[in-house]
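Some notes on the structure that comes next.
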Amino acid sequence: SNTTVHVSPPIESRYSVFFRNQDGDNIDYTRTQGEQQIQFDTENQAAGSYVITAGETSDPNTVLPVVVEGYTVDSLSLSGEPLADQTISTDNSHNLSVQLADHTDKSISAVTVTLWTDDQGIVHEITLEPTDGDPLAFEGTLSNPDPGEYNVQVRIRGGDTTNGESELMGLSENAPLTVESTSTDDDGSSGD
């Protein structure tokens with residue numbers, strides 16, 4: 001499919017929008033002016049990490065990460081139940097399980113589940129391990145999470161590496177998760 005970006009420049013001068021791979025090599029670009037909807041063909045690209053940049057020169061003013069998915073998340077479960085909108089307690093360990101679907105022959109190097117908030121960024125990151133007998137099933141444990149309202153995302157890495165890090169080949173939608181304190185004392189609300 002195509003990827004469409006909406007660009008609103010601060011002034012009416014001409015600018016370029018580039019579609020680049022993880023190494024920064026240019027795949028496609030367009031030169032335009034004013035507010036625009038711009039499409040790039042991502043269907044024929046290999047799974048992995050890309051960026052779309054916009055600016056008046058080759059130095060970008062704006063960078064938008066793009067993932068061409070080689071893997072998608074079929075299910076994300078916490079203690080055997082779908083994770084979205086669950087409420088859990090702080091004083092337990094919770095089993096995480098992820099089932100993937102593959103769309104590429106590139107191998108997976110890591111599957112992680114991240115709990116993050118807008119103001120703190122990533123608060124918890126759990127590395128999952130492959131499940132015996134199913135190369136697309138992974139599991140791990142979320143232990144004693146801090147109380148709060150979180151976004152939860154699955155990140156799948158593999159394929160090529162840049163600066164020692166494997167490229168992102170899959171990124172799930174956000175799933176909301178509430179963690180409530182089960183402590184009876186009053187010092188659990190101060191946070192850190």
Side-chain angles (χ1 to χ4, degrees), residues 1 3-6 8 22 42 47-52 62-104 106-159 164-192:
S1 62
T3 297
T4 303
V5 292
H6 182 104
S8 298
Q22 181 166 299
T42 52
S49 303
Y50 297 83
V51 293
I52 294 175
T62 300
V63 177
L64 175 68
V66 174
V67 176
V68 175
E69 291 188 313
Y71 294 86
T72 53
V73 176
D74 271 356
S75 65
L76 170 58
S77 301
L78 188 63
S79 299
E81 298 292 329
L83 183 139
D85 292 319
Q86 274 203 52
T87 299
I88 62 172
S89 63
T90 58
D91 63 352
N92 290 322
S93 291
H94 306 273
N95 295 325
L96 286 161
S97 58
V98 172
Q99 183 69 46
L100 304 178
D102 60 340
H103 310 283
T104 182
K106 290 185 176 182
S107 62
I108 295 172
S109 63
V111 176
T112 58
V113 173
T114 58
L115 277 65
W116 61 275
T117 64
D118 289 334
D119 56 340
Q120 292 181 290
I122 294 176
V123 178
H124 297 280
E125 184 168 33
I126 303 101
T127 299
L128 305 185
E129 298 296 328
T131 302
D132 289 340
D134 186 345
L136 297 175
F138 294 81
E139 57 190 7
T141 304
L142 172 61
S143 298
N144 308 110
D146 298 328
E149 301 281 336
Y150 295 99
N151 297 298
V152 182
Q153 264 185 322
V154 179
R155 298 166 193 252
I156 303 120
R157 292 192 176 275
E165 186 172 27
S166 297
E167 64 185 326
L168 201 57
M169 294 196 304
L171 183 66
S172 73
E173 297 289 328
N174 287 321
L177 176 67
T178 301
V179 179
E180 292 182 344
S181 175
T182 54
S183 174
T184 55
D185 56 36
D186 293 329
D187 61 11
S189 61
S190 62
D192 55 19

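It should be emphasised that the depicted structure is a prediction, and the values quoted were computed from it without experimental measurement. Heavy-atom basis, side chains included; hydrogens, waters and symmetry copies ignored.
- Between the side chains of Asp134 and Thr131, not a single donor N or O lies within less than 3.5 Å of an accepting N or O.
- Here NE2 of His94 is found 5.0 Å from CG of Asn92. Values are rounded to the nearest 0.5 Å.
- A side-chain donor-acceptor contact under 3.5 Å links Gln153 to the backbone of Ser172.
- Within the model, atoms OG1 of Thr127 and CZ of Phe138 stand 11.5 Å from one another, a figure rounded to the nearest 0.5 Å.
- You'll find the side chain of Leu142 stays beyond 4.5 Å of the side chain of Val113, heavy atoms only.
- Rounded to the nearest 0.5 angstrom, Leu171 CG and Thr72 OG1 are separated by 12.0 Å.
- Looking at Val73, Val154, Leu136 one by one, the single match for side chain to side chain contact (heavy atoms under 4.5 Å, CB included) with Val111 turns out to be Val154.
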Q.
Set out, in order, the CA-CA distance, both residues' side-chain angles and the distance that settles side chain to side chain contact (heavy atoms under 4.5 Å, CB included) for Glu139 and Asn95, then state yes or no.
A. CA-CA 7 Å; Glu139 57 190 7; Asn95 295 325; over 6 Å; no
(Q) If you apply the rule side chain to side chain contact (heavy atoms under 4.5 Å, CB included), what do you find for Val5 with Val66, and how did you get there? (A) CA-CA 11 Å; Val5 292; Val66 174; 6.0 Å; no
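- Using modelled atom types, one side-chain atom of Arg157 and one backbone atom of Ser166 make a donor-acceptor pair closer than 3.5 Å.
- With hydrogens and angles left out, the side-chain atoms of Ser89 and Glu180 include no donor and acceptor closer than 3.5 Å.
- Taking NE2 of His124 as the reference point, atom CG of Asp146 lies at 4.0 Å (rounded to 0.5 Å).
- Side chains of Ser49 and Gln22: a donor-acceptor N/O pair is present below 3.5 angstrom, by distance only.
- Going from atom CG of Leu83 over to atom OG of Ser77 covers 8.0 Å, rounded to the nearest 0.5 Å.
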(Q) If you apply the rule salt bridge (Lys or Arg N to Asp or Glu O under 4.0 Å), what do you find for Arg155 with Glu125, and how did you get there? (A) CA-CA 10 Å; Arg155 298 166 193 252; Glu125 184 168 33; 5.5 Å; no
Q: For the pair Leu78 and Val152, evaluate side chain to side chain contact (heavy atoms under 4.5 Å, CB included) and give the outcome as yes or no after the intermediate values.
A: CA-CA 11 Å; Leu78 188 63; Val152 182; over 6 Å; no
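- When the side chain to side chain contact (heavy atoms under 4.5 Å, CB included) test is applied to Thr117, the partners found at least two apart in sequence or on another chain are Asp119, Gln120, Val123, Tyr150.
- Put simply, the side chain of Lys106 never gets that close to the backbone of Gly70: no donor and acceptor are under 3.5 Å apart.
- Rounding to the nearest 0.5 Å gives a distance of 6.5 Å between OG of Ser107 and OH of Tyr71.
- Of the possible polar contacts, none joining the Glu81 side chain to the Gln86 backbone as a donor-acceptor pair under 3.5 Å is found.
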